[in-house]
Amino acid sequence: MAVHNRDIAEAFRRMADVLDVEGENPFRVRAYRQAAATLESLPRDVGDMVAAGEDLTRLPGVGEDLANKIREIVTTGHFRALEEELSHLPPGLADLVRIPGLGPKRVRALYQLLGIESIEDLKKAAEAGEVANLPGFGARTEARILEEIARLGATERRLRLIDAEHIANPLTSWLEACPGVGRVLVAGSFRRRKETVGDLDILVTAADGADVTRRFSKHPDVTEVLSAGPTRATVRVGGGFQVDLRVVDENAYGSAALYFTGSKAHNIELRKLAIRHGWKLNEYGLFAGE
DNA sequence: TGGCCGTACTG
DNA sequence: CAGTACG
DNA sequence: GCCA
């Protein structure tokens, strides 16, 4: 029974979720998620690497400790550290952090204040209107939670590039015709030409961002507005596909295109590089000093 | 051994 | 402000 | 947790 990279990545992600809810050091949590991402993008089977006696610490984000844990999972099929951590929590609790809008703090609050231990519990509590009363929550958050839970059962929401393009094209045309809008660029994984994309990231230049996000939120295909401010709006269109719109001034177009095209890991590396040079990189430009 | 990306929206 | 999310 |  071979253990595949995907299985190990899943185990590491689960470990991250559990540690997250337990309030562990966020950087340690991040380390597990980073290692999971490395394993998933790895062209080779780590099981083979282990069998060949290769040095797993050469993999980015994998140090001595995680290399040992990978070997343990591959050779024994068990991940004792995860089993140990899981024994500290109700088994379904860590699943809650996979609901968009729920992070570790809110999950803890749900558990401690309402005794919610699973998605099932959460659904009942939200339907009863008990969630909206919690500190840090509100009617809007509660409604969002119910929608996200309903979406969990739905079919996988990543789209093939070509299908994403069919959604993107009319939105792009619409935005180009929008008053005050200059450039329009579909960025993110779509621009990176990944085989599938999980959402659309559309960058627009305009002087009055609030006006654009406001108009966009009222687009006829928009079925749900997750957030909308003066420079960004996150909505869902048609079949529940998420679209992130970012509006910047014309003079930030280049930096914003760089940022919005990603990947996330690439952005972090570039920003680290800037730091090493004593600079600061963000979506508005590259700046000197702190 | 200490730092770990930088910013936007919500409650 | 803390929490969560975005690349 | 990893890494310089």
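Protein chains get the first letters and strands the later ones, always in sequence-line order, with residue 1 at the start of each.
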- Would you please confirm or rule out a distance under 4.0 Å between OP1 or OP2 of B:dA8 and any side-chain N or O of A:Y284? yes
- A:N169 (side chain) donor-acceptor with A:T172 (main chain) under 3.5 angstrom: no
- Note on the structure: Separation of B:dG3 atom C1' from A:R271 atom CZ, nearest Å, is 17 Å
- Query: How long is the line joining CG of A:L273 and P of B:dG3, in whole Å?
  - Reply: 20 Å
- Look up atom CZ in A:F190 and atom CG in A:L185, then write down how far apart they are to the nearest 0.5 Å. 9.5 Å
- Task: Could you check how far CG of A:L102 sits from P of B:dG11, rounded to whole Å?
- Result: 13 Å
- Message: Whole angstroms only, please: what is the CE-P distance between A:M15 and D:dC2?
- Response: 12 Å
- Task: Let me know, please, whether A:Q34 or A:P230 comes out on the 5' side of the other along DNA chain B by nearest nucleotide.
- Result: A:Q34
- Query: What about A:R106, does its side chain sit under 3.5 Å from the base of C:dG3 through a donor-acceptor pair?
  - Reply: no
- Mind checking A:T234 for me? I need base, sugar-phosphate or nothing, with any heavy atom below 4.0 Å counting as a touch. nothing
- Query: Over how many whole Å does the gap from A:K264 atom NZ to C:dT4 atom C1' extend?
  - Reply: 12 Å
- Message: From C-beta outward on A:E283, which listed nucleotide comes closest to its side chain: B:dT7, B:dT10, C:dG7?
- Response: B:dT7
- Message: I'd like to know if A:V248 and A:V243 are part of one continuous hydrophobic network [Ile/Leu/Val/Met/Phe/Trp/Tyr, side-chain heavy atoms within less than 4.5 Å].
- Response: no
- In this structure, CG of A:L134 is separated from CD of A:Q112 (nearest 0.5 Å) by 10.5 Å
- Message: Is the phosphate of B:dT7 approached by A:N282 (side-chain N or O, under 4.0 Å from OP1 or OP2)?
- Response: yes
- Between B:dT7 (C1') and A:L270 (CG): distance, integer Å: 16 Å
- Please step through ring pair (Phe, Tyr, Trp, His ring centres under 6.0 Å) for the pair A:F12 and A:F79, ending with a clear verdict. CA-CA 9 Å; A:F12 280 1; A:F79 185 8; 5.7 Å; yes
- Where the side chain of A:T141 is defined as all heavy atoms beyond and including C-beta, which of C:dC6, B:dG11, B:dA8 is the nearest nucleotide? B:dG11
- Task: Could you check A:T231 against A:F27 and say which one's nearest nucleotide on DNA chain B is further toward the 5' end?
- Result: A:F27
- Message: Given C:dT4, C:dG7, D:dG1, identify the nucleotide with an atom nearest to the side chain of A:F260.
- Response: C:dG7
